[in-house]
Each structure stands twice: as structure tokens, then as C-alpha cells.
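Lettering follows sequence order; numbering is per chain, from 1.
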Amino acid sequence: MNSLTRWQRPGLTTWPGFGRLTDLRDEIDRLFESPLAEMARTSHLLSGWTPALDLYEDKDNLLVKVELPGMKREDIDVSLHEGSLSISGERKSEQKHQDADVYRAERFFGRFQRTVTLPTPVAAEKVEAQYKDGILTITLPKTEEAKPKHIDVNVS
Amino acid sequence: MKATVQNDQRRGTEPQPAREYVSPEVNIFETSDGYVLEAEMPGVSKESLEITLEGNEMTIVGRRKDEAMPGEPLFRERALTDYRRVFELDPAIDTGKIAAKIEQGLLTLTLPKSERVKPRRITVD
């Protein structure tokens with residue numbers, strides 16, 4: 001059994017036209033960003049596994065949250081390269097259910113990768129990642145230069 | 001269709017309370033001993049998970065802890081709604097022995113079949 005694909009009713013062959021549709025989906029994503037990205041994300045048929053990702057900014061930090069339920073910490077890889085943050089990994093299907101009858105198979109197994117271009121420079125050596133309750137939280141402190149500065153106006 | 005753990009379709013049309021829910025994605029397996037149900041609920045911990053049994057209906061509700069918005073959102077894909085899904089249980093399940101655990105946002109429910117319905121070998125004297 002190929003652990004990278006979703007379970008299918010035996011005898012059903014994969015529809016061949018998805019490659020094109022995926023391209024189209026990417027195109028649409030670029031046009032509309034979040035609202036459609038959300039819809040496309042839930043459609044595993046077209047996209048494979050694209051874990052949901054949020055990016056927040058406050059005065060001192062950028063904060064990334066990714067939903068990765070049921071993974072092992074060592075299977076998640078976070079890297080920072082020239083202002084883009086990459087989160088990748090693999091969720092392996094568990095061998096123990098291989099011989100069982102499958103009633104529902106909605107969860108996705110396999111590889112994923114998400115890359116975010118960061119809007120401000122960050123201090124790479126201070127980046128921290130935490131994995132809790134299936135959510136990966138990455139805190140990226142901004143570099144001193146990128147932080148907003150208060151400038152006192154002197155009255156002479 | 002075989003009696004099994006399945007979605008209760010009727011619940012979908014009922015008016016829901018003010019709070020909105022999303023349906024967690026599940027995998028369901030059946031072995032000779034029972035069923036295993038896995039549900040993805042990132043953001044839910046042991047304390048914010050509620051599983052209730054009423055007759056043959058099992059309701060799973062997972063509440064996300066109200067996360068304080070950490071600054072201004074630049075990009076959002078996560079739906080921060082709570083999870084809810086109702087399943088109709090196979091009558092063969094021994095509801096007294098259902099076990100649940102949640103690890104890194106993945107709920108695993110073990111639903112054993114009662115002893116009397118398990119396949120067994122009868123020895124011929």
C-alpha cells in the first residue's frame with residue numbers, strides 16, 4: 001500500500017486532469033490570496049496537504065502559526081533563508097491500521113512544505129519554534145533596525 | 001450499508017446554537033476488536049475536549065482556547081472556530097469501554113466491540 005496517497009475505494013482510478021486544475025488553483029490563489037486559499041486548502045483532491053498558516057506582526061516580533069495535528073516534533077523542519085521562512089515535514093501513516101477496514105479516510109498523510117516571505121528582516125539567531133496541541137508557533141524577533149522607533153521632537 | 005460508525009446526517013440541518021463549528025477531519029478503521037477513530041483538532045487540548053454519548057450518538061466537541069491575537073494579522077488561513085461532529089455508533093460497540101486520548105491535536109478514540117459480537121472460534125468436541 002502506498003502510504004503517501006489517500007485511501008481510495010479499490011478499482012477507482014485517479015482522474016487524470018488534476019495537474020492542470022492545480023495550476024489553475026495556484027493562479028487563482030495568487031489573485032485572491034486568503035479567501036480562496038482557504039477554500040482550496042480544504043479541497044485535498046486538488047492540493048495535497050497544505051497546512052493552514054497564519055502570520056502576525058507586532059511591534060517586536062513576527063509570529064507564524066501552522067496547524068500540524070498529530071505529528072512528531074522531529075518530523076517538522078523549520079528553516080530561514082534570505083528572508084523566507086520554510087516549514088516542511090512529513091506525516092507518516094501508522095502501520096498498525098494497515099490491515100483494518102477503512103470506513104473514512106479524510107486525513108492526509110505525506111509531505112508538505114509552506115514558505116513565507118517575511119515582510120521585515122528578523123534576527124535569525126533569536127528565532128524560536130514551539131509545537132503544542134498540534135500547532136507550531138514560530139516567533140521571529142525583528143532586527144533592531146526593523147523595529148519602529150520613537151523619535152523625540154526637540155523644541156529649540 | 002453495514003451498521004457502522006457514521007455521520008449523522010440529520011444533525012446537519014438542525015439549527016445550531018449561535019456558535020459556529022467546523023467538522024474535524026476523521027479517519028475511521030474497523031478491526032475485529034472494534035473501531036478506531038482519529039480526528040484532527042489542532043488547538044484543542046485534553047481540557048477543552050468534550051465527548052458525550054447519548055443512546056447511539058456520540059458527539060465530539062473541541063474548543064480552541066481563546067488565543068489572544070498576537071499583534072496584527074498579515075496573513076490568515078486558520079479558521080479559529082471550534083470543532084463539532086456527531087457520529088452514530090454501531091450497536092455492537094461496548095460504549096462503556098470507549099477510550100480517548102489527544103496528542104498534539106489528534107484525537108484517537110478506541111471503540112471496542114462487546115465480547116458477544118466479536119468473531120470467535122467454537123471448538124468442536
Side-chain angles (χ1 to χ4, degrees), chain A residues 6-7 29 33-42 44 50-73 76 91 93-94 96-109 114 116-120 131-137 139, chain B residues 1-7 22-49 62-65 67-81 83 85 87-90 101-108 110-111:
Chain A
R6 285 167 64 72
W7 177 82
D29 273 4
E33 289 299 343
S34 30
L36 271 177
E38 171 62 24
M39 272 170 57
R41 189 181 70 76
T42 50
H44 287 326
T50 312
L53 183 149
D54 284 1
L55 173 64
Y56 301 92
E57 177 179 17
D58 68 10
K59 196 161 55 66
D60 302 318
N61 301 296
L62 294 175
L63 199 89
V64 173
K65 288 191 171 220
V66 195
E67 297 197 333
L68 299 167
M71 288 200 54
K72 294 196 177 67
R73 203 178 45 176
I76 303 172
R91 188 160 65 184
S93 75
E94 288 184 44
K96 63 180 178 191
H97 302 312
Q98 296 272 320
D99 58 337
D101 288 335
V102 179
Y103 276 91
R104 276 180 191 269
E106 299 167 356
R107 300 183 57 217
F108 187 84
F109 295 97
R114 301 283 332 243
V116 193
T117 306
L118 300 172
T120 59
Y131 184 48
K132 185 171 183 281
D133 293 339
I135 295 178
L136 177 71
T137 305
T139 312
Chain B
M1 188 174 174
K2 255 168 95 180
T4 176
V5 192
Q6 59 184 245
N7 264 334
V22 287
S23 201
E25 287 161 337
V26 300
N27 274 10
I28 301 172
F29 308 95
E30 185 189 0
T31 62
S32 54
D33 291 338
Y35 297 88
V36 176
L37 186 154
E38 297 171 337
E40 296 196 344
M41 302 201 267
V44 174
S45 64
K46 195 177 149 213
E47 293 74 30
S48 58
L49 179 71
R63 298 188 198 283
R64 289 169 180 270
K65 275 162 267 172
E67 295 175 50
M69 184 84 82
E72 180 197 349
L74 300 180
F75 188 73
R76 283 191 74 169
E77 294 170 349
R78 300 166 55 218
L80 296 173
T81 38
Y83 304 90
R85 197 157 171 180
F87 298 91
E88 194 185 314
L89 300 185
D90 181 344
K101 65 166 182 174
I102 187 159
E103 258 172 12
Q104 294 291 10
L106 179 71
L107 168 71
T108 308
T110 323
L111 308 116

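Heavy-atom pairs under 4.5 Å with chain A peak, among S32(B), G71(B), A39(B), at G71(B).
Taken to the nearest 0.5 Å, the CG atom of L80(B) stands 6.5 Å off from the CG atom of D54(A). A distance of 12.5 Å separates CG in D101(A) from CD1 in I28(B), rounded to the nearest 0.5 Å. With rounding to the nearest 0.5 Å, the separation of CG in L55(A) from CD in E72(B) is 10.0 Å. Note that OH of Y103(A) is 7.5 Å distant from CG of D90(B), once rounded to the nearest 0.5 Å.
For the pair L53(A)/F75(B), a side-chain contact is recorded, criterion being any heavy-atom separation below 4.5 Å from C-beta on. Side-chain contact between D133(A) and P42(B) is absent, with no heavy-atom pair separated by less than 4.5 Å. R78(B) places a side-chain heavy atom less than 4.5 Å from the side chain of I135(A).
Between R64(B) and E67(A) there is a salt bridge, with a side-chain nitrogen of the basic residue lying less than 4.0 Å from a carboxylate oxygen of the acidic one. Using a 4.0 Å cut-off between a side-chain N of Lys or Arg and a carboxylate O of Asp or Glu, E40(B) and R91(A) qualify as a salt bridge. A salt bridge does not link E25(B) with R107(A): every distance from a Lys NZ or Arg NE/NH1/NH2 to an Asp or Glu carboxylate oxygen is 4.0 Å or more. The existence of a salt bridge linking E77(B) and K65(A) is excluded, since no basic side-chain nitrogen approaches an acidic carboxylate oxygen closer than 4.0 Å.
Taking each heavy atom of G70(A) and L106(B) in turn, the nearest pair found is CA-CB, 3.6 Å. The two residues L74(B) and P119(A) make their nearest non-hydrogen contact at CD1-CG, 3.6 Å. The two residues A100(A) and F29(B) make their nearest non-hydrogen contact at CB-CB, 3.9 Å.
Looking at V26(B), both its backbone and its side chain come within 4.5 Å of chain A, counting heavy atoms on both sides.
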Take R73(A) and E103(B), measure what salt bridge (Lys or Arg N to Asp or Glu O under 4.0 Å) needs, and give me the verdict at the end.
CA-CA 12 Å; R73(A) 203 178 45 176; E103(B) 258 172 12; over 6 Å; no
